[in-house]
A.B. asks: 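Provided herewith is a single structure, encoded as structure tokens, for subsequent inquiry.
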There are 2 protein chains.
Amino acid sequence: MSSMSGELRQAFLAADVRPTVQRYAVLHYLARNRVHATAEEIFREVNRRDPRASRATVYNSLKSLARAGLVREVVSDGKAARFDASLHPHHHFVCERCGEVEDVAWFELPAGKAPLGARQVRSFEVVFRGVCEKCAAAQSLTGETE
Amino acid sequence: MSSMSGELRQAFLAADVRPTVQRYAVLHYLARNRVHATAEEIFREVNRRDPRASRATVYNSLKSLARAGLVREVVSDGKAARFDASLHPHHHFVCERCGEVEDVAWFELPAGKAPLGARQVRSFEVVFRGVCEKCAAAQSLTGETE
DNA sequence: GCGCTAAGTTAGACTTATTCTAGATTTACA
DNA sequence: TGTAAATCTAGAATAAGTCTAACTTAGCGC
Ligand SMILES: [Mn+2]
Ligand SMILES: [Mn+2]
Ligand SMILES: [Zn+2]
Ligand SMILES: [Zn+2]
């Protein structure tokens with residue numbers, strides 16, 4: 001199948017990932033829906049009206065795309081892994097009430113802060129936890145005991 | 001069962017967690033073995049010679065202990081959740097080759113760095129990824145193509 | 001101590017998440 | 001085109017975690 005948009009196709013080739021309809025569908029969904037979707041959600045949406053990829057292929061695609069850096073797996077809390085079309089580096093905020101994972105603009109760590117010894121750091125991410133804006137609002141309306 | 005060491009017992013009571021043999025066994029294992037164990041590992045080790053807790057109870061205990069702050073769940077990559085007897089705050093380093101999760105000494109984020117808006121941040125953690133010291137050594141011995 | 005009640009535990013069934021398998025299909029490239 | 005390697009598929013298999021209903025135990029007042 002060669003009906004893939006030229007631009008995306010280049011991205012795949014540049015990243016040394018064979019362009020296939022399935023991989024394209026997965027990446028396309030993630031790029032359009034910036035919601036930290038689970039593999040299951042991606043599977044469902046990608047096959048909504050038109051079967052495109054089996055479950056195994058969604059997992060395989062996510063793995064290939066992640067290896068190539070076109071997608072990244074974000075921190076998950078025990079439950080299903082969540083994915084992100086990482087166009088730009090950023091950090092995450094996880095709401096302890098509703099479970100939403102929100103983006104936080106990127107910032108560097110001041111050099112020399114982290115005592116990492118001889119480890120080779122390839123990337124890092126700051127994960128914040130707390131109460132998101134929406135939940136905080138709902139909370140202040142209600143009794144708000146806790 | 002009231003044969004729990006006085007010190008631990010106080011910790012439980014202070015944290016408002018009912019002291020039970022099972023919870024004690026789980027916490028004790030985590031405190032003695034600083035290895036970011038999975039629930040399954042804890043289950044196996046805790047019951048090694050002497051049955052102490054069912055699988056469900058290990059999960060329940062971890063949940064109670066985590067809620068009370070006596071234990072924390074560390075970032076995991078899709079696979080099984082890992083736990084840590086969090087005696088002191090610290091960050092983590094995940095080796096992309098062997099999967100080990102190592103501790104990184106705590107450091108604060110410079111105030112004002114993170115653009116978090118109206119979110120209520122309760123905690124944060126920096127997760128580093130890369131190659132651990134051991135794997136880096138093994139790698140430089142071998143051909144080391146990748 | 002004794003007895004009551006709420007909280008906690010258990011084994012095992014169940015659900016959900018992810019990986020594996022073996023055969024069919026597609027891609028890259030000459 | 002022709003071919004080999006890579007990828008895809010449905011479904012089986014495995015792993016991780018939750019739930020249930022019956023059975024203890026901890027906490028508390030007498
Ligand atoms: Mn994100
Ligand atoms: Mn740790
Ligand atoms: Zn929220
Ligand atoms: Zn390593």
Side-chain angles (χ1 to χ4, degrees), chain A residues 1-4 6 8-27 36-47 50-68 70-71 73-83 99, chain B residues 1-4 6 8-27 36-47 50-68 70-71 73-83 99:
Chain A
M1 190 122 336
S2 48
S3 61
M4 186 182 302
L8 243 317
R9 191 185 172 76
Q10 290 318 308
F12 274 93
L13 294 177
D16 198 35
V17 177
R18 282 204 191 181
T20 69
V21 233
Q22 293 81 359
R23 287 174 179 168
Y24 173 74
V26 168
L27 181 55
H36 306 108
T38 63
E40 185 59 31
E41 286 163 0
I42 298 169
F43 169 73
R44 215 173 33 243
E45 290 307 309
V46 149
N47 291 317
D50 174 23
R52 291 216 160 281
S54 74
R55 216 172 298 266
T57 296
V58 169
Y59 279 100
N60 289 340
S61 296
L62 287 168
K63 209 163 273 185
S64 306
L65 294 170
R67 206 176 322 115
L70 294 171
V71 141
E73 186 176 342
V74 309
V75 298
S76 63
D77 269 332
K79 316 290 293 185
R82 296 181 163 276
F83 298 86
Chain B
M1 188 125 333
S2 47
S3 61
M4 188 183 303
L8 244 318
R9 191 185 172 76
Q10 290 317 309
F12 274 94
L13 295 178
D16 197 36
V17 178
R18 282 204 191 181
T20 68
V21 234
Q22 293 80 0
R23 286 174 180 167
Y24 173 74
V26 167
L27 181 55
H36 307 107
T38 63
E40 185 59 30
E41 285 163 1
I42 298 170
F43 170 73
R44 215 173 32 242
E45 290 308 309
V46 149
N47 292 317
D50 173 23
R52 291 218 160 281
S54 73
R55 216 172 297 266
T57 296
V58 169
Y59 279 100
N60 289 340
S61 297
L62 287 168
K63 212 164 271 186
S64 307
L65 293 169
R67 206 175 321 115
L70 293 170
V71 140
E73 186 176 342
V74 310
V75 298
S76 64
D77 268 334
K79 315 288 294 185
R82 295 179 164 276
F83 299 86

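Convention: sequence-line order gives letters A, B, ...; per-chain numbering from 1. Only heavy atoms go into these numbers, but all of them, side chains included; no hydrogens, no water, no symmetry mates.
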A.B. asks: Verify the contact: side-chain N or O of B/Lys63 to OP1 or OP2 of D/dG17, cut-off strictly under 4.0 Å; return yes or no.
C.D. replies: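 False: B/Lys63 side-chain N/O out of range (4.0 Å or more) of D/dG17 OP1/OP2.
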
A.B. asks: Could you give all pairs that pass the salt bridge (Lys or Arg N to Asp or Glu O under 4.0 Å) test and reach residues 53-67 of chain B, with sequence neighbours left out?
C.D. replies: B/Glu40-B/Arg55

A.B. asks: Whole Å only: how far is the CG atom of B/Leu27 from the P atom of C/dG8?
C.D. replies: 16 Å

A.B. asks: For B/Thr38 and D/dA16, is the shortest distance between a side-chain N/O and OP1 or OP2 below 4.0 Å?
C.D. replies: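 So the side chain of B/Thr38 is outside the cut-off, no N or O lying under 4.0 Å from OP1 or OP2 of D/dA16.
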
A.B. asks: When the C1' atoms of the five terminal pairs at each end define the local axes, what inter-axis angle does the helix from C/dG1-D/dC30 to C/dA30-D/dT1 show, to 10 degrees?
C.D. replies: 50°

A.B. asks: Which residues pass the side-chain contact (heavy atoms from CB on, under 4.5 Å) test with B/Glu41, sequence neighbours left out?
C.D. replies: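 B/Glu41 satisfies side-chain contact (heavy atoms from CB on, under 4.5 Å) with B/Ala37, B/Thr38, B/Arg44, B/Arg82 once adjacent residues are dropped.
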
A.B. asks: Just do the side-chain contact (heavy atoms from CB on, under 4.5 Å) check on A/Leu13 and A/Arg9 with the steps written out, would you?
C.D. replies: CA-CA 6 Å; A/Leu13 294 177; A/Arg9 191 185 172 76; 4.2 Å; yes

A.B. asks: Mind calculating the distance between CZ (A/Arg52) and P (D/dT9) to the nearest angstrom?
C.D. replies: 11 Å

A.B. asks: Which of residues 53-62 of chain A have a heavy atom under 4.0 Å from DNA chain D?
C.D. replies: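 Contacting residues: A/Ala53, A/Ser54, A/Ala56, A/Thr57.
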
A.B. asks: How many Å lie between CZ on B/Phe43 and C1' on C/dT9, as a whole number?
C.D. replies: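 To the nearest whole Å, that distance equals 13 Å.
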
A.B. asks: On a heavy-atom basis, which atom in A/Val58 and which in A/Ala53 lie closest, and how many Å separate them?
C.D. replies: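 In this case the closest contact between A/Val58 and A/Ala53 is CG2-CB, 4.1 Å.
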
A.B. asks: Using the test side-chain contact (heavy atoms from CB on, under 4.5 Å), find all partners of B/Ala56 that sit at least two apart in sequence or belong to another chain.
C.D. replies: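 By the side-chain contact (heavy atoms from CB on, under 4.5 Å) rule, B/Ala56 matches B/Ser54.
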
A.B. asks: Report the distance from atom CZ of B/Arg18 to atom C1' of D/dG27, rounded to the nearest whole Å.
C.D. replies: 6 Å

A.B. asks: For B/Arg82 and D/dA15, what is the distance between atoms CZ and P respectively, to the nearest whole Å?
C.D. replies: 15 Å

A.B. asks: Taking only residues two or more places apart in sequence, or in another chain, which ones meet A/Ser61 in a side chain to side chain donor-acceptor pair (under 3.5 Å)?
C.D. replies: none

A.B. asks: For a quick test of reading the model: is some side-chain N or O of B/Thr20 closer than 4.0 Å to OP1 or OP2 of D/dT25?
C.D. replies: no

A.B. asks: Please figure out whether A/Val17 or B/Ser64 has its closest DNA chain C nucleotide nearer the 5' end.
C.D. replies: B/Ser64

A.B. asks: Not counting sequence neighbours, which residues clear salt bridge (charged side-chain N to carboxylate O under 4.0 Å, His left out) with B/Asp50? List them please.
C.D. replies: B/Arg52

A.B. asks: Establish, with yes or no, whether the OP1 or OP2 oxygen of C/dT10 is under 4.0 angstrom from a side-chain nitrogen or oxygen of B/Gln22.
C.D. replies: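 The answer is yes; a side-chain N or O of B/Gln22 sits under 4.0 Å from OP1 or OP2.
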
A.B. asks: Between B/Leu13 and B/Glu40, which residue's closest nucleotide on DNA chain D lies nearer the 5′ terminus?
C.D. replies: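 Looking at DNA chain D, the more 5' nearest nucleotide goes with B/Glu40.
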
A.B. asks: Once you round it to whole Å, what is the distance between P of D/dA26 and OH of B/Tyr24?
C.D. replies: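 My rounded result for the distance is 15 Å.
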
A.B. asks: Measure the distance from CD1 on A/Ile42 to P on C/dA17 and round it to the nearest whole Å.
C.D. replies: 13 Å

A.B. asks: Are the side chains of B/Phe83 and B/Leu65 in touch, meaning some heavy atoms are under 4.5 Å apart?
C.D. replies: no

A.B. asks: Looking at B/Arg23 and B/Arg18, would you say the former's side chain and the latter's main chain have a donor-acceptor pair under 3.5 Å?
C.D. replies: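 Flag set: sc B/Arg23 to bb B/Arg18 pair under 3.5 Å.
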
